[in-house]
Undergrad: 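Once you've had a glance at the structure underneath, I'll fire off some questions.
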There are 4 protein chains.
Amino acid sequence: MNIHSSTQMTPPPATARARTAPVADKREAIMTAALELFVERGFFGTAVPEVAERAHVGAGTIYRYFESKEALVNALYRDQKMKMISALLTDFPASALAREQFATIWGRMARFADENPNGFAFCELHHHASYLDAESLAVEQRSTDLIINFIEHSQRRGEIRKAPPYMLIGIVMGAFIGVVRWAREQNIQMTPEHWALAQQCAWEAIRS
Amino acid sequence: MNIHSSTQMTPPPATARARTAPVADKREAIMTAALELFVERGFFGTAVPEVAERAHVGAGTIYRYFESKEALVNALYRDQKMKMISALLTDFPASALAREQFATIWGRMARFADENPNGFAFCELHHHASYLDAESLAVEQRSTDLIINFIEHSQRRGEIRKAPPYMLIGIVMGAFIGVVRWAREQNIQMTPEHWALAQQCAWEAIRS
Amino acid sequence: MNIHSSTQMTPPPATARARTAPVADKREAIMTAALELFVERGFFGTAVPEVAERAHVGAGTIYRYFESKEALVNALYRDQKMKMISALLTDFPASALAREQFATIWGRMARFADENPNGFAFCELHHHASYLDAESLAVEQRSTDLIINFIEHSQRRGEIRKAPPYMLIGIVMGAFIGVVRWAREQNIQMTPEHWALAQQCAWEAIRS
Amino acid sequence: MNIHSSTQMTPPPATARARTAPVADKREAIMTAALELFVERGFFGTAVPEVAERAHVGAGTIYRYFESKEALVNALYRDQKMKMISALLTDFPASALAREQFATIWGRMARFADENPNGFAFCELHHHASYLDAESLAVEQRSTDLIINFIEHSQRRGEIRKAPPYMLIGIVMGAFIGVVRWAREQNIQMTPEHWALAQQCAWEAIRS
DNA sequence: TATGAATGAGTCTTCATTCAT
DNA sequence: TATGAATGAAGACTCATTCAT
């Protein structure tokens, strides 16, 4: 076990990097393949050699980039969560009204879920408790804190109803996830109108 | 393979039952142990001998009551879903206003989740696609239909906002599940006040 | 392990025997059921509880009559071999010509195979080496010796060709078994004419 | 499941073969070990890990070469039967007299049984009904047809006695098998003289 | 560096045997 | 005496991981 973030394992030094990024591509290919398979069949239902095959690499190669299957799933989880956080934070309208901020958050999550359905499904539609490590849980916490901040701030301004912030997050995120799950199960493509309607519902749930 | 509902496999008749129900207790113990472990570690993350150990029975004994690990998880799922359906339906105020009906549904689900947290977590917090059989999915559908009926009926009466019923279910159930998950993760005991507050939020989300 | 013939295990003393032979019937039923199943599915392919079920007794009951599954199969083997020996020996025309004695032996084996097809198939069509004990092998030897005696005696009288007696036994018994197997596989009912024809062939093989 | 002859599963290409054939040797070692054990203890009496141990490979390795234990036994059976067919057919004296053809067949089978005693014992001394697949049974049929052809042809020429061909095959093959079994059980090494003698006996059994 | 053949620990499941009733 | 529920050792098979090439 590596002392620091053992699951990061940056690809072997790659003396002559660049050109066609031959090395990073492999890590990327592995993660993409793993993401697809974990969403399709779950963590335990996916065999490492299957990931290797879909990524067009040898089974042993995966272990040059990830210490273990568990390290791989954690790297994947953190990667997706970070992307979501980044999507939420970029140019956040810090001084806007709560209503507008809420619309921004919802819209960005919607865009993320639309553009990266596997990533969203992987992070939110599955239960990961048993194999996520402390670092992954910390990243999860960071993503939660973002919305907590928004809620607490808006509560102080009287724009969101008084209630335990964690409960409100549960309601809002739960509703969002519920909508996505509905669309998946009914095999429906979310339209901007669907998203707007759902957003309105969610806002009504928490507005003061 | 048993012709009828192979996963039921009632324990051997046990003609001379009585006293401490020595036979049914074993089936019960297995189901309880399995429920706990499936919630903790998921279906694939749980080994059958672990279930046996926690239930204080031999590994082989499980197969006297359930044809396979899959039959066990399906029996468990159906059992819990049926209990939830039954809790929802008993003396349902069929002619009340939507607001009151909603409060009834929410309150009964809350009670179910309070009294049977593992059962609820198992049914709603996990994903079950790959190993649930047709019968289990049918039971799931029945439980969904219950709420769909309520929503469509209330929409016709103008008491719930116009929106695809499945989306509203996603929002309401998602919010409910989000609240439960929040309480589990924060290790908070839901109070009647919490439930009432959450219910109010959820109602605002869908009222017309 | 019992010191003497552990596999015999005469039924429990049966203080009040007689009447409807309630005890011996059980041993008989077990052996009949086991014979059928061993022929159908082989020794390893047959589960003890299956034998119990077909014999209409409890699984534990079998162990009151036989020490183990292996003891059961040995008892069965010896039982059938003894029956065959007894069929061969009764009123054997000790002073007849070899040709007639051969016809007698062949005819009695044919009758045995016709009347007790499972018993014959069990003894001759299967390989039993790995689980037969010394006593069973001794009985097998006795049955072989019978025919050896006939062959050696007839050789001395010049009626059967000079050749190692064990080889001739191999040829005659092999031919007999080959005919029975042919009939089973082609699903043909052996007629007296078939038997006579086969007997003639076999006789030609060994006559001097 | 492989589409074509799943039991063939040629070992991974092994592009850089040569020298001591390091790859094919493993498949070979497994088949040899399995052949020995199946002869000693039967198919159901042999555990896969036992085969692995005797072949000096890991238990999992067997499954890289054979889809299942059943696939292994079928591959083995077909392999041996094909070898025997090939031995019988090579340069068969198609226009010779029946007597000479018979001697050829007998002699070649004798040679096969001498050189490959386990292979012969496996194919002929055991019963295989339950786990042989259609392809194996077809190969078995081909091998029977060879001799059937010989018999029918010779019957038409009046050189072999009139009798159901399948019965004659039973007699001849039974006699052959009986001789081999006799030699095995008496632990006798068959000499050319033994074979010639036995052949003479068998011929007398069927000649017209 | 990348590979994939090999491995053996661990999985689900069966079944011979025991023992409380 | 007879039972059959219970058991746990053993079986077939899978798969995360290693290591020789």
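The chains referred to below are lettered A, B, ... by the order of the sequence lines, with proteins before strands, and numbering in each begins at 1.
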Undergrad: The side chain of A/Val48 lies closest to which of these nucleotides: F/dT3, E/dT13, F/dT17?
TA: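 When the side chain of A/Val48 is considered, F/dT17 is the closest of F/dT3, E/dT13, F/dT17.
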
Undergrad: Please confirm whether the backbone N or O of D/Leu37 pairs with a side-chain atom of D/Thr46, one donor and one acceptor, at under 3.5 Å?
TA: yes

Undergrad: What nucleotide among E/dC15, E/dT3, F/dA16 has an atom nearest to a side-chain atom of A/Arg64?
TA: E/dT3

Undergrad: Atom NZ of C/Lys26 and atom C1' of F/dT3: how far apart are they, to the nearest Å?
TA: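 Result: 9 Å.
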
Undergrad: Mind calculating the distance between CD1 (C/Ile30) and P (F/dA2) to the nearest angstrom?
TA: 9 Å

Undergrad: Sub-3.5 Å donor-acceptor pair from the side chain of C/Thr61 to the main-chain atoms of C/Val57, do we have one?
TA: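 Such a contact is absent between C/Thr61 side chain and C/Val57 backbone.
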
Undergrad: Could you say whether A/Gly58 or C/Pro49 is positioned toward the 5' end of DNA chain E, judged by the nucleotide with the nearest heavy atom to each?
TA: A/Gly58

Undergrad: So how far off straight is the helix from E/dA2-F/dT21 to E/dT21-F/dA2, going by the axes through five pairs at either end, to 10°?
TA: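 For the helix from E/dA2-F/dT21 to E/dT21-F/dA2, the axes at opposite ends meet at about 10°.
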
Undergrad: Does the B/Asp133 side chain pair with the main chain of B/Asn74, one donor and one acceptor, at a distance under 3.5 Å?
TA: no

Undergrad: Roughly, in whole Å, what's the span from CD in A/Glu67 to P in F/dA16?
TA: 16 Å

Undergrad: Which pair of non-hydrogen atoms, one from D/Ser136 and one from D/Arg78, has the smallest distance, and what is that distance?
TA: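 The pair with the smallest heavy-atom distance is OG-NH1, 2.9 Å.
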
Undergrad: Output the rounded distance in Å from CZ (A/Arg54) to P (E/dG4).
TA: 18 Å

Undergrad: Under a 4.0 Å threshold between the charged nitrogen and the carboxylate oxygen, would A/Glu40 count as salt-bridged to A/Arg54?
TA: yes

Undergrad: Which part of the nucleic acid, if any, lies within reach of C/Ala59 when heavy atoms closer than 4.0 Å are counted: base, sugar-phosphate only, or nothing?
TA: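 Here C/Ala59 touches the bases of the nucleic acid.
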
Undergrad: Is the phosphate of F/dC13, meaning OP1 or OP2, less than 4.0 Å from a side-chain N or O of D/Tyr63?
TA: yes

Undergrad: Can you check the A/Glu50 CD to F/dC15 P distance for me, whole Å?
TA: 7 Å

Undergrad: With nearest nucleotides of DNA chain F determined for A/Lys69 and B/His56 from heavy-atom distances, which residue corresponds to the more 5′ nucleotide?
TA: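 Between the two, 5'-proximity favours B/His56.
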
Undergrad: Would a line drawn from the ring center of C/Tyr77 to the ring center of C/His128 be shorter than 6.0 Å?
TA: yes

Undergrad: With nearest nucleotides of DNA chain F determined for C/Ile62 and D/Thr61 from heavy-atom distances, which residue corresponds to the more 5′ nucleotide?
TA: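 By nearest-heavy-atom nucleotide position, the 5'-most residue is C/Ile62.
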
Undergrad: Output the rounded distance in Å from CG (A/Leu37) to P (F/dC15).
TA: 13 Å

Undergrad: Would D/Lys69 pass as a cation-pi partner of D/Phe43, given that its NZ or CZ must be under 6.0 Å from the six-membered ring centre and within 45 degrees of the axis?
TA: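 Relative to the ring axis of D/Phe43, which defines the angle, D/Lys69 lies inside both limits.
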
Undergrad: Rounded to whole angstroms, how far apart are CD on A/Glu53 and P on F/dA16?
TA: 14 Å

Undergrad: Does E/dA2 have OP1 or OP2 under 4.0 Å away from a side-chain N or O of A/Tyr65?
TA: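 So the side chain of A/Tyr65 is within the cut-off, an N or O lying under 4.0 Å from OP1 or OP2 of E/dA2.
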
Undergrad: Rounded to whole Å, please give me the gap between CZ in C/Phe44 and P in F/dA12.
TA: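 Those two atoms, CZ and P, are 11 Å apart.
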
